[in-house]
Amino acid sequence: MTTSIPRDSRRPGSDSETTPTGTSSTRDRAASPGPAAIVAVKKIFAAETGNFFLLLGTTLFLIVFGLVMVLSSSSVTSYTQSADFFSGFARQSLFALIGLPIMLIASRMPATFWKRWAPVLILGSITLQLLVVATPLGVSIGGNRNWLRLSDSISLQPSEVTKVALVIWLAWILSLKADRLHDLRQLAWPIVPVAGAAVGLVLFGGDLGTGIIIMLIVFGALFFAGVKLRFLAIPLVFIAVAVPLVGLSSNSRSDRISVWMEQCSSASDYASLCWQTVHGWWALAAGGVFGVGLGNSKAKWSWLPAADNDFIFAIIGEELGLLGAVTVLVLFAVLAVAFIRIIRANSDPFARIAVSAVMVWIIGQAFVNIGVVLGVLPVLGVPLPLISAGGTALVSSMLAIGIVLSFARQPDAARAGVASR
């Protein structure tokens, strides 16, 4: 007589289940971790919001697009300098690979982490900038003393680090003083001395373009923090006074500003001060609507200085035409929309101010760069964020966007509520 054993009669607490062949299914599950790994990955990304993926996707697209344009615009210069068409592209790709994990790691950090490190970041960045202007480690490139030479092959641009540090530090200070922003004395300390030192050291090194961007970051943080408009008139007056003074303190800068005001109408300036601007215009004009084709630029054959950096937008217009140039503008507009949506989705003043400051930095710098290429602004030496060649600028921009991504994720309380259901 055959006796069947009910399934419910298994030993309580046993994790294994006997299969018809007499083997344990626990061992089978351990031998095939694939489904468990997929579930774990899904849980990680299930916590992210649409704003997170919108910002991340747009950023990655701009970075890849920038690598393609750096490869095209730098190939000739790279060959003349190192007999290798791909040296500039390889260097930029290396910094993109360095910046990617930094951005993703930053996106997982909580707000308390950034608040804890805000004083250290701002102190370290100002110290690095001081080394640039006050020690032999500082190096001048293109008339701007804005580089820190660490070795023959390693250099750093501390002003880019200062941008990130100011974003975090200003958001931290202004969020602490949220109920005292109506008091000018409370607002001025310690923002005026710290921000003034950061801007002053950059301007002392002669980098007017970067100094303007840092001033925009300070102004944007104050504005989105809710500072009264009459208080904001003070930094506006400072900018209105400081920019012309710095511009006139150097003969090369004053000459560039004067020929810009004349719109390079003098034929005598064509071969000197207007060379870069005029050839940028010609590159844009040559592109037409559809462009001459990727890689077919003529301006990059040593006709247009800084073709892979400050004037890469001109190469984009030449090779990809009006459609390519408009696409870049649309991508930065999408980036701005992502920033605004993240600001609206956050109630924490620290997060709102930090995201606002990064938005003013990235979008403002993009339009300053494009304005220079179009001739709307004088030549300032400001790269196009996420697209132009430049390692420190790319990594710092990716770090800043990583910080914004950390605020785009769903709040911990919301995730805990979902998990407890």
Side-chain angles (χ1 to χ4, degrees), residues 49 51-52 55 103 106-107 109-123 125-126 160-199 212-236 238-239 335-365 385 396-412:
T49 64
N51 295 336
F52 180 96
L55 179 58
M103 179 177 68
S107 70
M109 295 296 106
T112 54
F113 174 85
W114 303 117
K115 293 177 182 179
R116 186 186 312 120
W117 286 96
V120 178
L121 287 174
I122 193 65
L123 180 61
S125 64
I126 292 178
E160 296 295 334
V161 181
T162 301
K163 294 177 183 177
V164 180
L166 264 180
V167 166
I168 297 300
W169 185 81
L170 285 171
W172 176 57
I173 290 296
L174 290 172
S175 62
L176 290 177
K177 296 176 176 285
D179 57 342
R180 291 167 285 169
L181 296 180
H182 61 279
D183 189 338
L184 183 58
R185 290 177 298 178
Q186 289 285 341
L187 184 63
W189 178 261
I191 293 177
V192 171
V194 174
V199 174
I212 291 175
I213 300 302
I214 293 178
M215 284 187 277
L216 283 177
I217 292 173
V218 176
F219 183 84
L222 293 173
F223 177 81
F224 285 98
V227 175
K228 294 182 179 180
L229 293 179
R230 67 173 182 269
F231 292 163
L232 293 178
I234 298 175
L236 285 177
F238 174 78
I239 294 174
L335 210 62
V337 170
F339 285 133
I340 293 173
R341 291 181 60 173
I342 294 170
I343 294 171
R344 291 170 59 89
N346 274 278
S347 58
D348 182 9
F350 175 78
R352 294 170 66 94
I353 297 169
V355 176
S356 302
V358 174
M359 178 181 67
V360 172
W361 164 13
I362 301 295
I363 305 302
Q365 182 170 319
S396 64
S397 298
M398 295 177 73
L399 172 59
I401 291 177
I403 294 171
V404 176
L405 288 172
S406 70
F407 300 129
R409 300 169 59 217
Q410 291 182 359
D412 293 338

Participant: Before you tell me yes or no, could you show the steps for W169 and S125 under side-chain contact (heavy atoms from CB on, under 4.5 Å), namely the whole-Å CA-CA distance, both residues' side-chain angles and the distance that decides it to 0.1 Å?
Facilitator: CA-CA 11 Å; W169 185 81; S125 64; over 6 Å; no
Participant: Mind checking whether F219 and F223 have parallel, tilted or perpendicular rings, split at 30° and 60°?
Facilitator: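 F219 vs F223 ring planes: parallel.
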Participant: Work out which heavy atom in L174 is nearest to a heavy atom in A221; give both atom names and the distance.
Facilitator: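 Scanning both residues, the minimum pair turns out to be CD1-O, 3.6 Å.
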Participant: Would you say CZ of R180 has more than 12 non-hydrogen atoms from neighbouring residues, nucleotides or ligands within 6.0 angstrom?
Facilitator: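 Check passes, neighbour count above 12.
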Participant: Does the side chain of V194 come within less than 4.5 Å of L170's, by heavy atoms?
Facilitator: no
Participant: To the nearest 0.5 Å, what is the distance between OG1 on T112 and CZ on F350?
Facilitator: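 One gets 9.0 Å once the value is rounded to the nearest 0.5 Å.
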Participant: Would you tell me whether N346 and R352 have side-chain atoms, one donor and one acceptor, within less than 3.5 Å of each other?
Facilitator: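 The criterion, which ignores hydrogens and geometry beyond distance, is not satisfied for R352 and N346.
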Participant: Which heavy atom of A198 sits nearest a heavy atom of L166, and at what distance?
Facilitator: CB-CD1, 4.1 Å
Participant: Does the side chain of I217 reach to within under 4.5 Å of the side chain of K163, using non-hydrogen atoms?
Facilitator: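 Result yes, sub-4.5 Å side-chain heavy-atom pair found.
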Participant: Within the 4.5 Å heavy-atom criterion, are S397 and I362 side-chain neighbours or not?
Facilitator: yes
Participant: Indicate yes or no for a side-chain donor-acceptor contact from K177 to the backbone of Q186 under 3.5 Å, with no hydrogens or angles considered.
Facilitator: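 Here the side-chain-to-backbone pair exists.
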Participant: With heavy-atom distances below 4.5 Å as the criterion, would you say the side chains of W361 and V164 are in contact?
Facilitator: yes
Participant: Dump the intermediate steps for side-chain contact (heavy atoms from CB on, under 4.5 Å) on I403 and V358, then the final yes or no.
Facilitator: CA-CA 9 Å; I403 294 171; V358 174; 5.7 Å; no
Participant: Ignoring hydrogens, what is the shortest heavy-atom contact between W172 and S175? Give both atom names and the distance.
Facilitator: O-OG, 2.8 Å
Participant: Could you tell me whether the side chain of I353 reaches within less than 4.5 Å of the side chain of L222, counting heavy atoms only?
Facilitator: no
Participant: Could you give the distance from NZ (K228) to CG (L181), rounded to the nearest 0.5 Å?
Facilitator: 10.0 Å
Participant: So do F224 and V360 actually touch side chain to side chain, heavy atoms under 4.5 Å?
Facilitator: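 Touching, per the 4.5 Å side-chain cut-off.
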Participant: So do P190 and I173 actually touch side chain to side chain, heavy atoms under 4.5 Å?
Facilitator: yes
Participant: Counting C-beta onward and ignoring hydrogens, is there a side-chain heavy-atom pair between L399 and M103 closer than 4.5 Å?
Facilitator: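 No, too far: nothing below the 4.5 Å cut-off.
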Participant: Just verifying a value: how many Å separate M359 CE and L55 CG, rounded to the nearest 0.5 Å?
Facilitator: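 Nearest 0.5 Å value for the CE-CG distance: 12.0 Å.
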Participant: Measuring from atom OG of S406 to atom CD1 of I342, what distance do you get when rounded to the nearest 0.5 angstrom?
Facilitator: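 If I round to the nearest 0.5 Å, the distance is 9.0 Å.
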Participant: Apply the test side-chain contact (heavy atoms from CB on, under 4.5 Å) to residues V355 and I340: give CA-CA distance (whole Å), side-chain angles for both, the deciding distance (0.1 Å), then the verdict.
Facilitator: CA-CA 8 Å; V355 176; I340 293 173; over 6 Å; no
Participant: Please report the interatomic distance CD1(I168) to CH2(W114), rounded to the nearest 0.5 Å.
Facilitator: 6.0 Å
Participant: Mind checking the CD-CD1 spacing from Q365 to I212? Nearest 0.5 Å is all I need.
Facilitator: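 Separation between the atoms: 11.0 Å.
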